[in-house]
Amino acid sequence: DEVDEDEAPLASVAAVRAREKRQRAEAAALPTFAPMSPVATSAAKALEPKAQPPSASEQVDDIRAKIAELQEWKEMRLRQEDYMGAHRVKQLIDEQEEKLRALQQR
């Protein structure tokens, strides 16, 4: 009883193909569901609770936290002697400070 090494891989390939064919047949037998209609989707969205926009004080707190984080980044860039990076972060800080001033004037 000699085992022909060339035939062993072919047998495994045939087994894999048979399994794939069986899996495709099983998948085809499963019921398919149509996606929800746009009307049903919009009705479901209407029932979802509306997210409240953040209050002005929450926005101010968020911006201040962002400014503090950016200042840390700027200091890190300066320690690394990345002066162009520090300048870019400084511009981001300026943008956040401008947003903060605009919120505070409301």
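One distance of note links CG of L92 with CD1 of I67; it measures 11.0 Å at 0.5 Å rounding. Here the straight-line distance linking atom CD of Q96 with atom CD of Q71 works out to 11.0 Å at 0.5 Å rounding.
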Donor-acceptor pairs under 3.5 Å, side chain of residues 74-91 to any protein atom, not counting sequence neighbours: which ones?
{"residue": "R77", "atom": "NH1", "partner": "D82", "partner atom": "OD2", "Å": "3.4"}
{"residue": "D82", "atom": "OD1", "partner": "G85", "partner atom": "N", "Å": "2.9"}
{"residue": "H87", "atom": "NE2", "partner": "Q91", "partner atom": "NE2", "Å": "3.2"}
{"residue": "R88", "atom": "NH1", "partner": "Q91", "partner atom": "OE1", "Å": "3.4"}
{"residue": "K90", "atom": "NZ", "partner": "D94", "partner atom": "OD1", "Å": "2.8"}

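Comment: E98 engages R101 in a salt bridge, judged by a side-chain N to carboxylate O separation of less than 4.0 angstrom.
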